[in-house]
Amino acid sequence: MAVVACSQCGTMPIHRVDPDRGFQVYACPECKHRGEVSTSPARAQASWSLVNDADLPRHGCKAAPAPRFRQRDGLWGAYCSCGFDDAGYHSLEGARAGWARALR
């Protein structure tokens with residue numbers, strides 16, 4: 001699986017690894033957009049692809065940027081820079097599905 005550029009700014013991500021605890025994540029060094037923190041290299045890379053999927057629907061605002069995903073207090077969410085926010089999901093996949101459902 002090829003690593004894709006950040007959907008927010010176009011920068012290639014860096015692969016951060018915590019050698020003491022085994023956690024890793026792909027994250028954009030410019031805008032700090034990131035995938036899911038995981039102990040699995042494959043999951044870390046796959047989650048980066050999930051949050052930067054070019055096929056995700058865009059919000060209906062004038063700028064229509066790609067959604068930005070975040071994890072806060074253990075729950076995932078996605079939001080648009082215009083202020084539209086869809087949060088409260090227990091997984092990244094749930095946040096993606098919720099985003100798509102909210103924009104139908």
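Among pairs with a residue in residues 2-14, none fulfils salt bridge (charged side-chain N to carboxylate O under 4.0 Å, His left out), at least two apart in sequence or across chains. Sequence neighbours left out, the pairs with a member in residues 9-50 that pass ring pair (Phe, Tyr, Trp, His ring centres under 6.0 Å) are H15-Y26. Applying the salt bridge (charged side-chain N to carboxylate O under 4.0 Å, His left out) test to residues at least two apart or on different chains, the pairs with a partner in residues 46-60 are D53-R96. Sorted by first and then second residue, the salt bridge (charged side-chain N to carboxylate O under 4.0 Å, His left out) pairs with a member in residues 27-50 read E36-R43, R43-E93; sequence neighbours excluded. Sorted by first then second residue, the ring pair (Phe, Tyr, Trp, His ring centres under 6.0 Å) pairs that include residues 64-88, not counting sequence neighbours, are H59-F84, F84-W99.
With respect to Q8, the side-chain contact (heavy atoms from CB on, under 4.5 Å) criterion is satisfied by exactly one of S81, C31, P67: C31.
Under the rule for a side chain to side chain donor-acceptor pair (under 3.5 Å), R72 has no partner lying at least two apart in sequence or in another chain.
Looking at heavy atoms from C-beta onward, C80 lies in side-chain contact with C61 at the 4.5 angstrom threshold.
When all heavy atoms of S49 and A2 are compared, the pair lying nearest together is OG-O, 4.4 Å. Shown here for P29 and P13, the closest heavy-atom pair between the two residues is CD-CA, 4.2 Å. Pairing each heavy atom of V51 with each of L92, the nearest pair is CG1-CD1, 3.5 Å.
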List the steps and the verdict of side chain to side chain contact (heavy atoms under 4.5 Å, CB included) for C28 and C9. CA-CA 9 Å; C28 178; C9 69; 3.3 Å; yes

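Hydrophobic clustering keeps I14 apart from M12 (ILVMFWY residues linked when any side-chain heavy atoms are closer than 4.5 Å, directly or through intermediates).
No donor-acceptor pair closer than 3.5 Å links the side chain of D86 to the backbone N or O of A78.
The structure places CD of Q45 at 11.0 Å from CG of L50, a figure rounded to the nearest 0.5 Å. For the atom pair CZ of R21 and OG1 of T39, the computed distance is 12.0 Å after rounding to the nearest 0.5 Å. Of the inter-residue distances, the one linking Q24 atom CD with D18 atom CG reads 10.0 Å to the nearest 0.5 angstrom.
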